[in-house]
Each structure stands twice: as structure tokens, then as C-alpha cells.
Amino acid sequence: MCSAARPYALSPLFPTWGMEVQGIDLKQPVSQETIEAIREDVTKHRLLIFRNQGVVSGERHVEISNWFGPCESTFYKHPRSPHPDVFRVSNDRLEGCTGVGRTGWHIDGSFQTAPFSYALYHIVSCPTKGDTVFAPLHEVVGSLPAEQRARWDRLWMLSDRRARDAKPLLYQHPLTGQDALCFHLGMTEAFVWDLGTPKQQVTTPPEAVELLREIEEVFTKTAAHLIYHHKWQPGDFLISDNLALGHEADPDTQLPPSESEGDPDTQLPPSEVGLRVMHRTTVQGQYAPRKQEDPRFQRHALQGDDEQQQQGQQQQAAAAGGGQPCC
């Protein structure tokens, strides 16, 4: 679908990624052509920000998510959630799940064989502060010195929960071929060096901690200039390519340790920043992370595979043309 035919306007956040979208009301029905254009733009731009959407119902939020594939819900269920597939986050435990997103930089679903493919966020009650921070993984990897990139290319991560299969830390995005990272700084038990070779070795706990610190330092120092701080505005609705962007909650969402009774994940209270309520959905993963040179580099088989494979091929062509764990 050519850009001129799009029924909405795009404004770039950065030269290579991220777009603000104007001129569309997601609460209203849209044509199949519009859905295809949005899917294409998410693959190409990695993050779409729809402003001034009012309050999107939980049912509609899930309908929009289903444009990209079936929802997969592995997170905590809160009684105030408007839909079983909507993860409701808040700084008030009576309104939603608290203490979310401050375990470090990550992609969602790294603990699964196939991490979530997309994440969709909607702010329902907007606080005065509390950014969500995104990082473009292709550019982050591109900022690495050659020696450091070569070291990361030898590493596989082992999650501390769920699927314990080793996943490459550094691999290529299954739709675009760009560099990507499968990582979670707060849910990684260990790494494996040189998986499948005679030099294969699992890291010791101290070595794993040091590697996690190294990765964090890349995001906070080496690639800090690449980071986007999304300052929430009422009605914001975000669609992100989960495999292409790392994210975390900004430290400003949390109380300092001196005021949080020893809990570093205590969010700033409504009395200080207002009530924060955010709805999030995640879309079922289609691909297990694999290096392209690995003969196992293939889609993770799912029910309805033929239909999803066709969708994946269409998205790839478009891009070429242009309680359980919660995260």
C-alpha cells in the first residue's frame, strides 16, 4: 500500500525509526486496507504513537492487537482489567498491578520459546511523570565496538523461568533482517558461551552478573543518545515491534530507596503524580530467535501456521520494500 493512500499522516520521531500518527480514531472501525497499512508501518518504523485516542475499551484494544496475531497473556490478572488479555498496570494496587517494568532493559516474553512479536500500550489515566523508555536494538548493536559485538555474538541467554532453551543474545530480526537482541536484564539466570561448539561453557553466577552490567552500561552510556523517552499524554496508544525495541520504565516512575522501605520497585504514589493506569496487550510470538547461519533458523510452529506464515511473508515483503511472569 503506497504512503499516499494511507488515511492518516506520519511524523517521524527519529530519522530511522518511530512515527507519530495523526488523523485516525482507533475506537472506530477501519478498513482492511488501513489495517494492512498500519501493520506495514509498524514493521518498517518499529514504533507507532497514536495521539488523542481518548479511552479505548479493553475489547477494542484486543481487537486491534488481533490485527497482528492472537493475543498471548502470560501476566498477572487484575480484577479491574477490562479484558482477560489486557494487562492493567497502575501505581495504585487497587487499580492495577504495581511494581512493573523496573527489572531492567528487556524485550517482553524473553522467557518463552518464541518471544512476543508485538506489544500495544494504552494510557487510561495519565500521571504527571513516569516515562516508558524505548531503544532501537539495531542501532544499539550498531553502536558497539567491533570486539564487543563479536563477544556478544558468542553469547546465548538462559532465562530464569519458563522455557529454559538457550537463545542467542544477538540475532537477526525474522522479518527485516536487522540486528536484534533477545534479552532481559532482570530475568536472566546465566549465559552460554559458544553454544554447540567444543568451547561451549555456561557462565558462573558472578560472570553472568558482570555481563548483565555490561549490557546495561551499553544502554545507559554507549547508546544513551539513541534512547527515546515517551512522555505519556492522555489518550496515547502505542504499537511496538517487540523484537526490534528494548524498553523499560523510567527510573522516575519509582520512589527512591530511602522512601520505599527497601523495595526499589515501589512506584510514585497517586498523591504525588496522580493516578497512573496503563493497559497493555502482547501478541503471540511467531519466531524462535535463531541466528541466520543456524539451520534451525525457522519459524516457531503454532496453530494456524499457514495463515500466520502468509502474514509474516507479507510483512517481510513490505519491510523489504521500504500469576506468572509479566514481561
Side-chain angles (χ1 to χ4, degrees), residues 7-8 21 24-43 46-90 95-98 100-101 107-109 111-112 114-126 132 134 175 230 232-245 247 276-287 300 302-305 307-308 310-312 314-315 323-327:
Y8 51 81
V21 184
I24 186 171
D25 183 353
L26 293 176
K27 297 188 298 298
Q28 301 302 317
V30 299
S31 68
Q32 186 60 37
E33 290 77 11
T34 299
I35 292 172
E36 291 172 2
I38 291 173
R39 289 200 304 232
E40 179 182 326
D41 283 330
V42 172
T43 298
R46 294 176 269 180
L47 178 68
L48 297 185
I49 300 172
F50 298 80
R51 299 287 194 185
N52 302 312
Q53 295 301 307
V55 177
V56 177
S57 71
E59 183 176 357
R60 181 58 175 168
H61 192 148
V62 171
E63 288 176 357
I64 296 169
S65 305
N66 288 338
W67 298 348
F68 299 88
C71 287
E72 186 167 18
S73 309
T74 64
F75 34 74
Y76 308 108
K77 311 295 183 183
H78 193 276
R80 294 298 304 274
S81 174
H83 190 282
D85 285 328
V86 171
F87 183 33
R88 184 175 168 100
V89 179
S90 182
E95 289 290 337
C97 298
T98 59
V100 175
I107 65 168
D108 287 335
F111 53 86
Q112 303 200 127
F116 303 129
S117 53
Y118 302 93
L120 294 84
Y121 310 82
H122 178 44
I123 199 75
V124 175
S125 181
C126 192
T132 300
F134 295 92
L175 297 183
H230 182 71
W232 291 98
Q233 299 178 21
D236 280 357
F237 193 104
L238 275 59
I239 305 177
S240 72
D241 181 339
N242 180 58
L243 302 183
L245 299 175
H247 67 279
R276 182 178 191 263
V277 176
M278 185 176 71
H279 290 167
R280 189 200 74 180
T281 56
T282 44
V283 176
Q284 186 179 66
Q286 301 180 29
Y287 300 89
H300 177 56
L302 301 169
Q303 292 183 349
D305 189 68
E307 179 181 348
Q308 291 188 2
Q310 183 179 10
Q311 176 182 326
Q314 291 172 345
Q315 290 181 333
Q324 294 175 336
C326 67
C327 296

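Computed from a predicted model, the values in this text were never measured in an experiment. Keep in mind that the numbers below use all heavy atoms, side chains included, and drop hydrogens, waters and symmetry copies.
The side-chain heavy atoms of F68 and S117, taken from C-beta on, include no pair separated by under 4.5 Å. Counting heavy atoms from C-beta outward, I64 and I38 have side chains that stay 4.5 Å or more apart. Contact of the H247 side chain with the D108 side chain is registered, since non-hydrogen atoms from C-beta on lie closer than 4.5 Å. In this structure, R280 and T282 have side chains that are in contact, with non-hydrogen atoms separated by less than 4.5 Å. Using a 4.5 Å heavy-atom cutoff, the side chains of R46 and F134 are not in contact.
The CG atom of L175 sits 7.0 Å away from the CG atom of D241 when rounded to the nearest 0.5 Å. One distance of note links NZ of K27 with CZ of R60; it measures 10.0 Å at 0.5 Å rounding. Atom OG of S65 is separated from atom CD of Q284 by 13.0 Å, given to the nearest 0.5 angstrom.
Residues meeting the salt bridge (charged side-chain N to carboxylate O under 4.0 Å, His left out) test with R80, sequence neighbours left out: E95. Every residue two or more places apart in sequence or in another chain that forms a side chain to side chain donor-acceptor pair (under 3.5 Å) with H230 is listed here: Y228, D236.
Judged by distance alone, with hydrogens and angles left aside, the side-chain atoms of Q53 form a donor-acceptor pair with the main-chain N or O of L26 at under 3.5 Å. Using a distance-only test at 3.5 Å, with no hydrogens or angles considered, a donor-acceptor pair links the side chain of R39 to the main chain of W67. Counting only distance, with no hydrogens or angles, the side chain of S81 and the backbone of R88 share no donor-acceptor pair below 3.5 Å. Of the possible donor and acceptor atoms, none in the side chain of S125 sits under 3.5 Å from a partner among the backbone N and O of R276.
Between H61 and H279, the ring planes are tilted. Angles from 30° to 60° get that label. Taking the six-membered ring where the residue is Trp, F50 and F237 present perpendicular rings, their angle passing 60° and hence far from 30°.
Side-chain N/O atoms of S73 and D85 include a donor and acceptor closer than 3.5 Å.
Counting all heavy atoms, side chain and backbone alike, P82 lies closest to G58 at CG-CA, 3.7 Å. Residues N66 and C71 approach most closely at OD1-N, 3.6 Å, considering heavy atoms. In plain terms, the two heavy atoms of S90 and V277 that are nearest each other are OG-CG2, 3.9 Å. Closest approach of F116 and N242 over heavy atoms only: O-ND2, 2.7 Å. For the pair Y121 and S240, the tightest heavy-atom approach, listed with the atom from each and the gap, is CE1-OG, 3.7 Å.
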Next item on the list: Would you sort out whether V283 and L120 count as a side-chain contact (heavy atoms from CB on, under 4.5 Å), showing the intermediate values?
Entry: CA-CA 8 Å; V283 176; L120 294 84; 4.0 Å; yes

Next item on the list: For side-chain contact (heavy atoms from CB on, under 4.5 Å), just list the numbers for H122 and T281, CA-CA rounded to whole Å, side-chain angles, deciding distance to a tenth of an Å, and then say yes or no.
Entry: CA-CA 9 Å; H122 178 44; T281 56; over 6 Å; no

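Around the CD atom of E59, the shell of radius 6.0 Å holds no more than 12 heavy atoms that belong to other residues, nucleotides or ligands.
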